[in-house]
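Working notes for the structure below.
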Amino acid sequence: MARPENPIDPTAPYATFAQQLRKLRKSSGSPTYTTLAWRAKYSVSALSQAAAGWKLPSLELTLAYATACGGGREHWTEQWLIAQHPTGPRPLDSPAAAEVRPWSTEPPVPTSAGNPQEFIACLRELKLWAGNPSLTRLEAIAFGTGVHLPRSTIGDALSRSRASLPKAFVVRTLVLACLTFAQRQSRIRAEETRTVADEWQEHWLRLYRNSQRPPRTAPGSATATLPVLAEKTVQTVVLPPRQDHALNPIGEVPHDRRLLAEALRELFDEFGLSLRMFAMRHSMDTSTLSRYLSGSRIPPRDFLRVLVREASLRRGEEPAPEALRRLQALHLAALRARPAPPPETDRLDELRQARDDALAQLRRSIELEAALKALLLSRQQAIAELEAQLRELQGSRRPQSA
């Protein structure tokens with residue numbers, strides 16, 4: 001027979017929550033903690049401490065405990081949110097009160113997340129904290145701000161089986177959508193949403209940099225050893241560490257080409273990567289990359305997009321169209337400063353830049369039109385709800401006929 005549990009101390013901060021967990025375990029037939037550990041894939045001590053009342057278990061542990069005892073995930077998610085707030089649930093005054101349950105006080109931030117899985121788990125907790133809006137609702141909120149973020153992309157970013165960090169643009173849009181939903185329910189002030197989103201972005205960038213950092217080698221392993229066969233004997237040849245290709249100084253080049261090379265170097269210095277590492281990542285030749293950055297060769301137009309996209313990713317931001325247009329202007333000026341520039345090439349570059357500018361303007365116009373349509377629809381729905389409430393109020397005040 002299993003040893004009985006210690007009684008719950010009534011003064012424990014989470015005594016009520018622990019009592020509910022024990023009641024669920026008893027209703028499921030009082031399985032032993034060894035059996036629960038096998039079902040929940042957690043240790044016996046972790047499950048026992050979850051029902052002790054002195055510490056609030058994590059949401060993952062709570063759901064594992066409840067699922068092992070036959071409890072529902074949605075119900076126990078709500079109970080876990082209730083336990084977060086010392087005073088319990090508070091009423092809502094908004095018409096959408098049935099959709100959210102605002103029990104916690106501060107939005108979760110991945111301060112202690114050490115890997116992508118923990119970061120994504122905290123992202124799911126933020127969604128729960130905001131009131132657990134549906135993926136469709138989050139997609140509509142993002143669309144209302146002029147950003148197209150499909151629900152399939154949101155579901156993939158929140159997936160429990162995902163092992164890599166979502167893109168910075170997806171994370172920021174999703175965080176802002178959750179905070180906007182919470183703001184509509186008076187959970188957070190408008191001036192606080194930007195601060196919380198920036199904090200999420202900083203932690204995303206921290207994890208991304210850690211994932212891009214090369215693994216440390218043990219002391220003495222900086223040199224590589226290669227076995228060499230000679231006369232049926234194995235000898236060890238010690239190779240010196242490979243020296244990376246350094247940046248060549250900008251030589252005697254025209255002024256416009258020098259300005260382009262300096263702008264390219266300014267972006268490249270933000271990466272913290274060597275020439276060889278960057279060239280390998282983008283399937284380029286190291287010497288060709290060095291010529292681009294030293295001004296001895298004018299890079300192709302696609303290389304500018306690669307640099308801007310890489311720099312924006314390092315900062316955890318969206319690619320800035322202004323930075324790309326600035327590089328394209330310098331690139332076009334450098335092409336024109338060549339000794340004998342083919343006029344058809346210059347004209348083609350001008351047409352490409354004009355096309356890109358027109359497409360960008362069209363895209364902004366489409367996004368603005370979509371945002372205005374979504375805003376108009378939300379205002380019409382609000383007016384319809386107010387008119388329905390007014391009619392209901394007038395009907396309730398109408399005197400009853402004898």
Side-chain angles (χ1 to χ4, degrees), residues 56-64 73-86 89-90 92 94 96-97 99-145 147 149-208 316-318:
L56 181 65
S58 65
L59 179 60
E60 301 289 340
L61 177 56
T62 301
L63 295 180
R73 296 179 63 88
E74 294 184 1
H75 171 75
W76 282 98
T77 297
E78 294 177 355
Q79 298 302 318
W80 182 82
L81 289 171
I82 292 175
Q84 279 191 318
H85 199 287
R90 58 182 175 85
L92 279 177
S94 64
E99 298 182 12
V100 296
R101 285 160 169 68
W103 294 314
S104 54
T105 55
E106 298 294 334
V109 177
T111 305
S112 59
N115 53 53
Q117 291 81 1
E118 295 178 356
F119 183 90
I120 296 172
C122 191
L123 198 59
R124 291 195 298 268
E125 290 186 13
L126 176 66
K127 179 176 177 290
L128 290 171
W129 172 87
N132 201 18
S134 63
L135 301 184
T136 305
R137 177 63 63 87
L138 292 176
E139 179 183 3
I141 293 176
F143 187 78
T145 60
V147 180
L149 189 65
R151 52 175 300 178
S152 58
T153 304
I154 300 175
D156 179 67
L158 298 172
S159 175
R160 299 178 184 274
S161 60
R162 187 182 180 93
S164 61
L165 279 174
K167 294 182 179 180
F169 170 71
V170 174
V171 171
R172 185 169 184 83
T173 305
L174 179 56
V175 168
L176 286 175
C178 290
L179 295 177
T180 302
F181 187 85
Q183 178 187 341
R184 294 175 180 177
Q185 319 304 326
S186 302
R187 302 284 307 282
I188 187 173
R189 293 191 297 269
E191 58 270 16
E192 296 175 346
T193 57
R194 186 66 58 179
T195 303
V196 176
D198 292 342
E199 192 171 354
W200 271 87
Q201 179 177 322
E202 292 176 2
H203 290 297
W204 181 94
L205 188 59
R206 169 178 58 84
L207 290 178
Y208 178 80
E317 302 174 352
E318 303 176 45

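Small disclaimer: the values here were computed from a predicted structure and weren't measured. Quick note: residue numbers are just sequence positions, from 1.
Note that CD of Gln117 and SG of Cys122 are 13.5 Å apart. Values are rounded to the nearest 0.5 Å. Distance CG/Asp198 to CZ/Arg172: 5.0 Å, rounded to 0.5 Å.
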| message | Checking Thr193 against Thr180 for the side-chain contact (heavy atoms from CB on, under 4.5 Å) test, could you report, in this order, the C-alpha distance in whole Å, the side-chain angles of both residues, the deciding distance, and whether it holds? | response | CA-CA 8 Å; Thr193 57; Thr180 302; over 6 Å; no
| task | Determine, stepwise, if the pair Arg124 / Leu59 fulfils side-chain contact (heavy atoms from CB on, under 4.5 Å). | result | CA-CA 10 Å; Arg124 291 195 298 268; Leu59 179 60; over 6 Å; no
| task | Evaluate side-chain contact (heavy atoms from CB on, under 4.5 Å) for Leu176 paired with Arg194, printing each intermediate quantity in order. | result | CA-CA 8 Å; Leu176 286 175; Arg194 186 66 58 179; 4.1 Å; yes
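Annotation for Val196 and Pro107: closest pair CG2-CG, 4.0 Å, computed over non-hydrogen atoms. Closest approach of Phe181 and Arg137 over heavy atoms only: CE1-NH1, 3.3 Å. Here the closest heavy-atom approach between residue Ser159 and residue Ile120 is recorded as O-CG2, 3.7 Å. Across Ala130 and Cys178, no two heavy atoms sit closer than the pair CB-O, 3.4 Å. Between Leu158 and Leu135, the closest heavy-atom pair is CD1-CD2, 4.3 Å. Across all their heavy atoms, Glu60 and Ala121 have their closest contact at OE2-CB, 4.4 Å.
Checked against the 6.0 Å centroid criterion, the rings of Trp204 and Phe169 do not qualify as a close aromatic pair.
Between the side chain of Arg151 and the main chain of Ile154, no donor-acceptor pair closer than 3.5 Å is present. Using a distance-only test at 3.5 Å, with no hydrogens or angles considered, a donor-acceptor pair links the side chain of Arg206 to the main chain of Ala113. Judged by distance alone, with hydrogens and angles left aside, the side-chain atoms of Glu118 form a donor-acceptor pair with the main-chain N or O of Gly114 at under 3.5 Å.
In this structure the side chain of Glu139 never reaches within 4.5 angstrom of the side chain of Thr153, judged on heavy atoms. Residues Val171 and Gln201 fail the side-chain proximity criterion, which asks for heavy atoms closer than 4.5 Å. In this structure, Trp200 and Leu123 have side chains that are in contact, with non-hydrogen atoms separated by less than 4.5 Å. Using a 4.5 Å heavy-atom threshold, the side chains of Thr173 and Leu138 count as separate.
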